[in-house]
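In what follows, chains carry the letters A, B, and so on, assigned in the order in which the sequence lines appear, proteins first and then strands, with residues in each chain numbered from 1.
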Protein chains: 2
Amino acid sequence: MTKTLERREKLRVELIQAAEQMIASRGLAGLKTRDLAREIGCANGAVYNLVTDVDELVLRVGSRTLHRLDEALSAAESAGEPSPQETLVRIAIAYCDFAAENLELWRALFEHRMAANKILPDWSVNDQLQLFRHIYHPLALLFPKRSQEELSITARSLFSAVHGMVALGLEQKLVAVPLPALRKEIAGLVRAMIDGLVARAG
Amino acid sequence: MTKTLERREKLRVELIQAAEQMIASRGLAGLKTRDLAREIGCANGAVYNLVTDVDELVLRVGSRTLHRLDEALSAAESAGEPSPQETLVRIAIAYCDFAAENLELWRALFEHRMAANKILPDWSVNDQLQLFRHIYHPLALLFPKRSQEELSITARSLFSAVHGMVALGLEQKLVAVPLPALRKEIAGLVRAMIDGLVARAG
DNA sequence: AATATTTATTGAACGATGTTCAAGATTCCT
DNA sequence: AGGAATCTTGAACATCGTTCAATAAATATT
């Protein structure tokens, strides 16, 4: 009994790592169960002993990506001068850099769509909600009068705006923007947004 | 000869309309050649007489979506008070509304990924570049000193930021934001961004 | 230790799907 | 009308994710 469980657990970890590597190198569309099975040395059908779906597999890889992203944002939050404005700029740049360095894994976070009937597992939802807290803290310093609710909304807006710049900026489909130019643009617009928000908050 | 060409042309139009309808109702992933063939009354393989790929089909639907989006933004540009700030706000709201009302078709614009080797046809690229001009004009009024190049970059940044708010705001995956709240947030952040940009340029 | 029972793994098979292509149907030219 | 050129067809192919009866392995029982 324990022999089997140990083997399964080790294989499951290998499977998720192989899937991560495969998405990173070939994109989400390049993830194939048969290739994964060959990679970790088991039968094609055995993948479904380790994971119920490819959906779950993608979600598990996504969880790892989100945690690494979280670490990158945490590092940016504390490194450098502590003024809230500059902290927010560093977080935005860190988000951009992470996306550029983990392009396919980062894309997989947003490209993946589950069948409409299936619902997201709790652990996956929680992973995602954690991200906003990096923006929440500096914002709270900037706007001490605002309620928790208002701050959450502003945090999500700010995050979304930066996300949009990164998403379209890294898109190869149209004109590929050079990374340094993109970083500069992001820093500029984040500063402008904060200035504007502060001015309007009076 | 002309009999055939007429038939083909009519069928091609029907095919693209059927594809548009199918994406709108079932999403990009719900687009199936066999269903399309049944819909327009021809053989499965005949689809490839009208279009070389499903890639091309998606691009043709995308072209129609982009043109409708262009019209919606044009309407927003001229309706209402002519101040550049408020014009930009109207355009942003119009983008949000269009995305909400054409959710799956709008998503298809960004979800679709062609095989890496194939290149985007020119007509598709041109379609996309037209979008920024709506933002370019009001921006030029706000920043008369800036060069064409600088204005283009700012226009793309502003567009991308709004796009990000719409994209994450309409995502069902996480917390679905009520549309009125999203519109309000977008208006607020666009005004803040413009205020900030003007202040920094001053 | 040998055997029976329970459990896990396997890979062939299934149903979809995009795409191709030889054969049959249609159109066109003389 | 008849033959050449062209177009349409749908069966066939390759590739997927997923399932499941059969085989192999691990565990329990005697």
Side-chain angles (χ1 to χ4, degrees), chain A residues 1-16 18-20 22-23 25-62 104 108 111-118, chain B residues 1-16 18-23 25-62 104 108 111-118 121:
Chain A
M1 184 63 143
T2 124
K3 194 77 164 287
T4 295
L5 286 188
E6 272 177 25
R7 174 188 151 79
R8 260 166 112 102
E9 207 48 50
K10 188 177 292 184
L11 254 192
R12 199 199 316 273
V13 171
E14 287 182 54
L15 176 68
I16 294 169
E20 185 175 55
M22 199 170 286
I23 292 176
S25 60
R26 314 197 306 201
L28 184 56
L31 188 71
K32 310 285 149 132
T33 58
R34 284 169 178 80
D35 292 344
L36 285 172
R38 194 176 321 117
E39 196 82 30
I40 67 177
C42 74
N44 169 22
V47 167
Y48 296 86
N49 301 333
L50 309 172
V51 117
T52 75
D53 256 348
V54 290
D55 274 348
E56 185 193 330
L57 189 52
V58 173
L59 254 35
R60 298 227 110 98
V61 171
E104 293 296 346
E111 281 181 9
H112 179 61
R113 300 230 168 274
M114 301 219 322
N117 46 28
K118 286 200 285 190
Chain B
M1 185 61 142
T2 123
K3 194 78 165 286
T4 295
L5 285 189
E6 271 178 26
R7 175 187 151 81
R8 260 166 114 102
E9 207 47 49
K10 188 178 291 187
L11 255 192
R12 198 199 316 274
V13 171
E14 287 182 53
L15 176 68
I16 294 170
E20 185 175 55
Q21 170 57 38
M22 200 171 285
I23 293 176
S25 61
R26 316 197 308 203
L28 185 57
L31 189 71
K32 311 286 151 140
T33 59
R34 282 168 179 79
D35 292 344
L36 285 172
R38 193 175 323 116
E39 196 82 30
I40 67 176
C42 73
N44 169 23
V47 168
Y48 295 87
N49 300 333
L50 309 173
V51 118
T52 74
D53 256 347
V54 291
D55 274 348
E56 184 193 329
L57 189 52
V58 173
L59 255 35
R60 297 227 110 99
V61 172
E104 294 296 347
E111 281 180 10
H112 179 61
R113 300 229 169 273
M114 301 220 322
N117 45 28
K118 285 199 285 189

In whole Å, I'd like the distance from the [atom1] atom of [X] to the [atom2] atom of [N].
X     : N      : atom1 : atom2 : answer
B/R38 : D/dT9  : CZ    : C1'   : 16 Å
A/R26 : D/dT15 : CZ    : P     : 13 Å
A/E9  : C/dA8  : CD    : P     : 14 Å
A/L50 : D/dG17 : CG    : P     : 15 Å

Which atom pairs, donor and acceptor, lie under 3.5 Å between side-chain atoms of residues 26-34 of chain A and protein residues at least two apart or in another chain?
from: A/R26; atom 1: NE; to: A/G30; atom 2: O; distance (Å): 3.2
from: A/R26; atom 1: NH2; to: A/G30; atom 2: O; distance (Å): 2.7
from: A/R26; atom 1: NH2; to: A/D35; atom 2: OD2; distance (Å): 2.8
from: A/K32; atom 1: NZ; to: A/A29; atom 2: O; distance (Å): 3.4

Listed partners of [X] passing side chain to side chain donor-acceptor pair (under 3.5 Å), at least two apart:
X      : result
A/E56  : A/T52, A/R60
B/D55  : B/H112, B/K118
A/E104 : none

B/D53 to B/V51 - nearest heavy-atom pair and separation: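 For B/D53 versus B/V51, the nearest heavy atoms are O-CG1, 2.6 Å.
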Sugar-phosphate atoms are those with a prime plus P, OP1 and OP2; base atoms are the rest. Using that split, label each nucleotide of nucleotides 13-23 of chain C B, S or - for protein heavy atoms under 4.0 Å, 5' to 3'. B---BBBB---
Looking only at side-chain N and O atoms, does B/R7 come under 4.0 Å of OP1 or OP2 in D/dT8?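 Result: yes.
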Sequence neighbours left out, what passes salt bridge (Lys or Arg N to Asp or Glu O under 4.0 Å) with A/E9? Give chain and number order.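 Salt bridge (Lys or Arg N to Asp or Glu O under 4.0 Å) list for A/E9, sorted by chain: A/R12.
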